[in-house]
Amino acid sequence: MLAHKTSVRQTAGKASSRVQAAVPHLISSRVELRASGVVPFSGVNVKAASASAAPRARTAAVSRQAVRVAAAADADYRKREPKDVRVLVVGPTGYIGKFVVKELVSRGYNVVAFARENAGIKGKMGREDTIKEFPGAEVRFGSVLDPASLRDVAFKDPVDVVVSCLASRTGGKKDSWLIDYTATKNSLDVARASGAKHFVLLSAICVQKPLLEFQKAKLKFESDLQAAGDITYSIVRPTAFFKSIAGQIDIVKKGNPYVMFGDGNLAACKPISEADLAAFIADCVAQQDKVNKMLPIGGPSKAFTAKQQADLLFKLTGLPPKYFPVPVALMDGMIGLFDSLAKLFPQLEDSAEFARIGKYYATESMLVYDEARGVYLEEETPGYGTDTLEDFFSRAVKEGLAGQELGDQAVFGQQ
């Protein structure tokens, strides 16, 4: 998703800056997978004390099972009015999380947003800022890294559905496992212990070909969620976000060349807007056809390569096309350099990972991946929503990128 972008600003020199400029256009941060089945209801086993008592015991067991099934059906939150369904959102102040909270509120759900005391980009949002951000939602404060905080604050009242929009801030190794796995797993564990019925996970389409640490952390959690058995799930794997491929709009508007790897056709994505993605996630709360499913999702437009994105920008700005191709081998050199330096200076370990992230998004498409054939499939990548990339680029060219801040995930000057 492309949920993950990161800065390779540690790289010095003009060539390195050119490389960094290319990363956003290729980031997002799937064939619908057959999910593991719902664990069937387990009835009560009664061991008969005698042969004559067996029929009576079996009848009682069947009766108890029928009662439990009926009770479970009555407890199905989907049969209640939205106002009577409590939805807890963890990671509400992130880029997508904000839109998800507001979408759920607009649909009438009883929404609880569980946020840090100092939330948002670089922790700039205080308590009052966060509360003002989410009118119509109840905002509670605590830490997803603390199970007790989750239990005593986030889940102090019964929760029907949990929506996790948690994502590591940088894609660094430690941060990925801390947030994409540990914090998200804490949320799941407390949700299960508290009797929540459904868990909606915002993941990323790129985990289908895991070469990066954050992808491995996300996949590990996806596996745990599917194996839980006592809670249903919807795993949403979006392609690129609009703003994650918007980093060169201002560069092009100033008359500078568009930076791309190779010929600009190494990878493609089918980007989706934040509003459309939030609507799809909200659909997962109530729609039965999304239960226990792996859900790759893109926007309504066709897939775009970096070259096609550049051509669209030049068309909208009316400027003559200018390109700056960067060889992928340069990124390989950066990765090798940082890997070597990290052996002497462990604090540079993430720098090598950032370079790997840059190369990944430059060379791997954000589309459904056919592992058997080793190809990405645009036609198998579902589209959703109404916001097109051309409309987004057109607005951004005219109005700028205000409100599209990425903070710690910014690349090459994009904030």
Side-chain angles (χ1 to χ4, degrees), residues 3 35-36 38-39 42 71-72 75-78 80 82 84-94 96-98 100-101 104-105 109-119 127 130-131 134 137-169 174-204 214 217-236 281-282 284-286 290-292:
S36 58
V38 181
V39 175
S42 178
D76 185 359
Y77 69 87
R78 294 178 181 84
R80 305 200 299 265
D84 297 321
V85 177
R86 181 173 286 111
V87 181
L88 171 69
V89 181
V90 290
T93 58
I96 298 300
K98 289 181 180 179
V100 170
V101 171
L104 291 169
V105 168
Y109 288 106
N110 180 354
V111 181
V112 175
F114 186 62
R116 293 172 294 157
E117 292 276 353
N118 296 299
R127 291 175 62 100
T130 304
I131 292 171
F134 301 126
E138 179 184 358
V139 181
R140 300 178 186 176
F141 297 93
S143 172
V144 288
L145 293 172
D146 181 2
S149 178
L150 281 162
R151 182 185 64 248
D152 298 339
V153 181
F155 288 87
K156 71 176 183 178
D157 301 306
V159 169
D160 296 296
V161 183
V162 177
V163 177
S164 174
C165 296
L166 294 168
S168 64
R169 292 175 290 276
K174 291 181 179 179
D175 194 49
S176 293
W177 284 99
L178 188 65
I179 304 300
D180 291 306
Y181 182 72
T182 301
T184 317
K185 181 65 160 52
N186 286 345
S187 302
L188 172 63
D189 289 345
V190 179
R192 294 172 65 191
S194 302
K197 302 297 189 296
H198 191 58
F199 196 102
V200 182
L201 173 68
L202 174 61
S203 186
F214 81 81
K218 283 182 178 293
L219 272 180
K220 169 61 175 166
F221 177 75
E222 285 188 5
S223 177
D224 288 357
L225 176 58
Q226 293 175 82
D230 55 359
I231 187 170
T232 58
Y233 61 85
S234 299
I235 297 175
V236 181
I281 291 172
C284 293
V285 170
K290 293 177 175 58
V291 173
N292 290 352

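Position 1 is the first residue of the sequence; numbering continues from there.
Within the 4.5 Å cutoff, side-chain heavy atoms of Ile235 are placed close to those of Gln226. Put simply, the side chain of Arg116 does not reach to within 4.5 Å of the side chain of Ser143, judged on heavy atoms. Between Tyr233 and Asn292, the closest side-chain pair of non-hydrogen atoms falls below 4.5 Å. Proximity of Val163 to Val90: side-chain heavy atoms (C-beta onward) are nowhere separated by under 4.5 Å. Between Val162 and Val200, every side-chain heavy-atom pair lies at or beyond the 4.5 Å cut-off. Contact annotation: the side chain of Leu225 approaches that of Leu201 to within less than 4.5 Å [non-hydrogen atoms, C-beta and beyond]. Asn110 places none of its side-chain heavy atoms less than 4.5 Å from the side chain of Asp84.
Every residue two or more places apart in sequence or in another chain was checked for a ring-ring contact (aromatic ring centres under 6.0 Å, His included) with Tyr109, and none qualifies. Ser234 pairs by the side-chain hydrogen bond (donor to acceptor under 3.5 Å, both in side chains) definition with His198, not counting sequence neighbours. Among residues two or more places apart in sequence or in another chain, the ring-ring contact (aromatic ring centres under 6.0 Å, His included) test is passed with Phe134 by none. Under the side-chain contact (heavy atoms from CB on, under 4.5 Å) criterion, Asn186 pairs with Pro147, Leu150, Thr182, not counting sequence neighbours. Residues passing the side-chain contact (heavy atoms from CB on, under 4.5 Å) test with Leu178, sequence neighbours excluded: Leu145.
The pair Asp160-Lys197 fails the salt-bridge criterion, with no side-chain N (NZ, NE, NH1 or NH2) lying under 4.0 Å from an Asp/Glu carboxylate O. A salt bridge links Lys218 with Asp180; the closest basic N to acidic carboxylate O contact falls under 4.0 Å.
Scanning all heavy atoms of the two residues, the minimum distance from Leu88 to Ala154 falls at CD2-CB, 4.0 Å. Minimum interatomic distance between Cys165 and Val100 (heavy atoms only, all atoms of both residues): SG-CG2, 3.9 Å. The two atoms that bring Phe141 and Phe114 nearest to each other are C-CE1, 3.7 Å, heavy atoms only. Taking both residues in full, the closest heavy atoms of Ser168 and Asp175 are given as CB-OD2, 3.2 Å, listed atom of the first, atom of the second, then distance. Summarising the geometry of Ala137 relative to Val105, their closest heavy-atom pair is CB-CG2, 3.9 Å, with the distance given to 0.1 Å.
Separating the OG atom in Ser176 from the OH atom in Tyr181 is a distance of 14.0 Å, to the nearest 0.5 Å. Remark: Glu222 CD to Thr184 OG1 distance equals 10.5 Å, nearest 0.5 Å.
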Set out, in order, the CA-CA distance, both residues' side-chain angles and the distance that settles side-chain contact (heavy atoms from CB on, under 4.5 Å) for Leu202 and Ser164, then state yes or no. CA-CA 6 Å; Leu202 174 61; Ser164 174; over 6 Å; no
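Phe221 pairs with exactly one of Trp177, Phe214, Phe199 by the ring-ring contact (aromatic ring centres under 6.0 Å, His included) rule, that one being Phe199.
The side-chain hydrogen bond (donor to acceptor under 3.5 Å, both in side chains) pairs that include a residue from residues 146-158 are Arg140-Asp157, where partners are two or more places apart or lie in different chains.
Using modelled atom types, one side-chain atom of Ser194 and one backbone atom of Val190 make a donor-acceptor pair closer than 3.5 Å. Side chain of Arg86 to main chain of Pro158: a donor-acceptor pair is present (N/O by atom type, distance under 3.5 Å, no hydrogens or angles).
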